J.: 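This is the structure, below, for whatever I ask next.
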Amino acid sequence: MKILLIILDGLGDRPIKELGNKTPLEAARTPNFDFLARNGICGLITPCYQGAFPTSKDAHLSLFGYNLKKYGMGRGVFEVLGIGMKLKKEDIALRGNFATVDKNLKIIDRRAGRIQNTKPLIKSLQGMKIEGVRFLLGKGVSHRLGIIMRPSKEKSLSEKISDGDFHILKIKAPKIKPLEKKEEAIFTARVLNKFLEKSHQILDQHPLNKKRAKKGLLKANYILVREAGRLNHLPTFQKKWKMRSCCIAGGTLYKGIGKVLGMKLIKVKGATGKSDTNLRGKFQAALRALKKYDFCYLHIKATDNFGHDGDFEGKKKFIEKIDKNLSTLLKLKNALIIITGDHSTPCKVKEHTPDPLPVLLYGLGKDRVEKFSEKECKKGKLGKIKSVDFLKKVFKMKERLKKLN
Ligand code: ZN
Ligand code: ZN
């Protein structure tokens, strides 16, 4: 039996007064979700850690059954791999933004007016070498970029360095500091600071930025970096679960997660990681992929974006749009469809929360739940389960079913 796992990022929510005290998922008209819930088994998943804001990266790894204490890794790694860059184990990977600073390096805009065309800027910095460390840059979506620091043979680098971005404006761009007294950390911070300084000089004088300034646009004249990480080889999904797996996602981080877990990335035209994404195309791609692969991870991002924006109407409508396109999948035979989220992003909180998430399993029998929602799934046969234990439980249920048949 093949498995399709659909993760609706930030799906979970809390009752909203304007929606008649319903969550966006409850308020949405979702005949297809409800069909799957009515004919499937439901429950609640508690995300990776309680008490703190779960990040998407940790929430995903945990849901795939990886223990975070053992397999923690800086997010930079996932971003860089998601962009399509290749990492070596001695490299340090960082996420970055092109940003705007003034003459005194005070941050004016963290995204340089959400600049789109950064290719000429990246080209002007590509391959820069400082004290034997080579800097490799890759373009991300709009103002974003991935950065790899690759040391020469004699040197080693450390991911134990501070961020150069506090998400605050009107302060001087923060210097990178070593987070421990070891030589590697001190060296890494020093070299990275030199790179940021030098790239600022180059970017500020870059013809593209001069042109932008003339047009009254913000210059992309600084790089804000954060979340340094090092590749830590963890067992691939295939090794861990004995299933050939693939990943369908629009957002860079989620492609990176698929890459780290050794999943085959499947490209879908129009998969943007935003609300305009090609849902139908993604579902059709999943149908095709499941002919070849045993497990397909399909990620949909925009539910989370609406949560961060506090746009509960938008979240509700987007859930309805997913539901409509879901009919494509109902043809799927001899497969298990799982639908859940990675964490909640309640519209009234505008941040990730560790609230329990609704989950439905279609293809392993049924319980009494009639509707896919936070409240109804609580009554499901699956009960409440920790995210890290979830897949193990699913595989057990699958085995039991196989024996019965
Ligand atoms: Zn998320
Ligand atoms: Zn989020």
Side-chain angles (χ1 to χ4, degrees), residues 5-14 16 23-25 44-66 68 71-79 81-82 95 97 110-111 114 140-144 163 165 167 226-227 229 247-261 263 271-277 279 282 297-312 314-316 318-319 322 338-359 374 386-388 390-391:
L5 169 63
I6 303 177
I7 298 184
L8 310 179
D9 208 290
L11 171 69
D13 216 302
R14 296 178 184 175
I16 289 161
T23 66
L25 180 60
L44 290 177
I45 294 180
T46 48
C48 48
Y49 30 74
Q50 293 301 304
F53 293 139
T55 66
S56 282
K57 164 178 79 74
D58 289 347
H60 270 76
L61 285 180
S62 174
L63 195 57
F64 287 128
Y66 291 84
L68 295 174
Y71 300 117
M73 238 189 292
R75 180 160 165 172
V77 169
F78 298 86
E79 294 282 339
L81 292 174
R95 314 172 65 189
N97 276 13
R110 286 187 53 255
R111 301 179 184 94
R114 288 191 185 272
V141 178
S142 68
H143 56 280
R144 297 194 188 95
D163 285 350
D165 180 13
H167 297 256
R226 60 186 194 273
E227 292 166 276
C247 160
I248 298 174
T252 319
L253 170 65
Y254 311 94
K255 289 186 205 164
I257 291 170
K259 264 287 185 46
V260 166
L261 299 183
M263 294 175 174
T272 56
K274 297 183 217 154
S275 61
D276 64 355
T277 195
L279 289 168
K282 284 169 96 168
Y297 150 50
L298 191 154
H299 182 263
I300 296 173
K301 174 71 182 158
T303 25
D304 179 57
N305 301 345
F306 285 116
H308 284 293
D309 293 343
D311 182 358
F312 47 83
K315 192 167 177 180
K316 179 187 131 191
F318 187 67
I319 290 170
I322 299 169
I338 306 173
I339 304 177
T340 188
D342 54 345
H343 51 72
S344 299
T345 312
C347 292
K348 293 285 170 180
V349 184
K350 298 186 178 179
E351 253 311 334
H352 302 177
T353 69
D355 301 7
L357 289 155
V359 58
E374 294 86 344
K386 272 198 225 157
S387 65
V388 71
F390 173 68
L391 273 188

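Note that this is a predicted model, so its numbers are computed, not measured. Remember, it's 1-based here, ligands and their atoms both numbered in the order they're listed. The figures that follow rest on heavy atoms only: side chains count, while hydrogens, waters and symmetry mates do not.
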J.: Measuring from the Zn ion (ligand 1), count protein N/O/S atoms under 2.8 Å, please.
T.: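 Atoms of protein N, O or S type lying less than 2.8 Å from the Zn ion (ligand 1) total 5.
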J.: Is it true that Y66 and H60 share a donor-acceptor pair across their side chains at a distance under 3.5 Å?
T.: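 No pair is found: no donor N or O on one side chain lies under 3.5 Å from an acceptor on the other.
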J.: Report the residues that fulfil ring-ring contact (aromatic ring centres under 6.0 Å, His included) with F390, sequence neighbours left out, ordered by chain and then residue number.
T.: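 Partners of F390 under the ring-ring contact (aromatic ring centres under 6.0 Å, His included) test: none.
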J.: Do K350 and D309 sit within salt-bridge range, that is, some charged N less than 4.0 Å from a carboxylate O?
T.: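 Looking at K350 and D309, the cut-off is not met.
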J.: Could I get the full list of side-chain contact (heavy atoms from CB on, under 4.5 Å) partners for T252, not counting sequence neighbours?
T.: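 With sequence neighbours excluded, T252 shows a side-chain contact (heavy atoms from CB on, under 4.5 Å) to E79, I83, V141, given in chain and number order.
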J.: Tell me, please, which residues at least two apart from F312 pass ring-ring contact (aromatic ring centres under 6.0 Å, His included).
T.: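 Listed in chain order: nothing, the list is empty.
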J.: Are H343 and F53 near enough that their ring centres are under 6.0 Å apart?
T.: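 Distance test on ring centres: not under 6.0 Å, no.
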